[in-house]
Asker: 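Structure incoming, see below.
The figures that follow rest on heavy atoms only: side chains count, while hydrogens, waters and symmetry mates do not.
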Amino acid sequence: MKKGLVALLAMVILSSTAVYASDTPISDWINSKTSKITQKEKTASQKAAEREKKRQEKIQKQKQKQAEAKKKAEQRQKERKQKVEKKKKLWKELFTFE
């Protein structure tokens, strides 16, 4: 029972001193050591965001290219259809007797 009480008391003391330790040289030292890690994390996240942005732009360009290709294909099909209709009309006029 005494060991549990001592452990609980030690936890309370350590946690309360951790709150007040934010303006001490120890916290400054910890911050200086962790700032490199934080900076690396920031640059890694920025690079990941840039890669994602480039990937989205590439996907957008591909979609745009596909839309243009589809539009051109539809235009060609429409022109072919018009040519066929024109030939049908010519043949019809050629072989119709009035």
Asker: Kindly write out the residues that satisfy side-chain hydrogen bond (donor to acceptor under 3.5 Å, both in side chains) with Q56, not counting sequence neighbours, or none if the list is empty.
Answerer: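 Applying side-chain hydrogen bond (donor to acceptor under 3.5 Å, both in side chains) to Q56 gives E52.
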Asker: Under the side-chain contact (heavy atoms from CB on, under 4.5 Å) test, which residues partner K86, sequence neighbours left out?
Answerer: none
Asker: What donor-acceptor contacts under 3.5 angstrom involve side-chain atoms of residues 61-83, with partners at least two apart or in another chain?
Answerer:
none

Asker: Less than 3.5 Å apart, which donor and acceptor atoms pair up between the side chains of residues 35-51 and the rest of the protein, not counting sequence neighbours?
Answerer:
{"from": "S35", "atom 1": "OG", "to": "S32", "atom 2": "O", "distance (Å)": "2.9"}
{"from": "T38", "atom 1": "OG1", "to": "T34", "atom 2": "O", "distance (Å)": "2.9"}
{"from": "T43", "atom 1": "OG1", "to": "Q39", "atom 2": "O", "distance (Å)": "3.2"}
{"from": "T43", "atom 1": "OG1", "to": "K40", "atom 2": "O", "distance (Å)": "2.9"}
{"from": "S45", "atom 1": "OG", "to": "E41", "atom 2": "O", "distance (Å)": "3.3"}
{"from": "S45", "atom 1": "OG", "to": "K42", "atom 2": "O", "distance (Å)": "2.8"}

Asker: Taking only residues at least two apart or on different chains, which pairs with a member in residues 38-96 satisfy ring pair (Phe, Tyr, Trp, His ring centres under 6.0 Å)?
Answerer: W91-F95
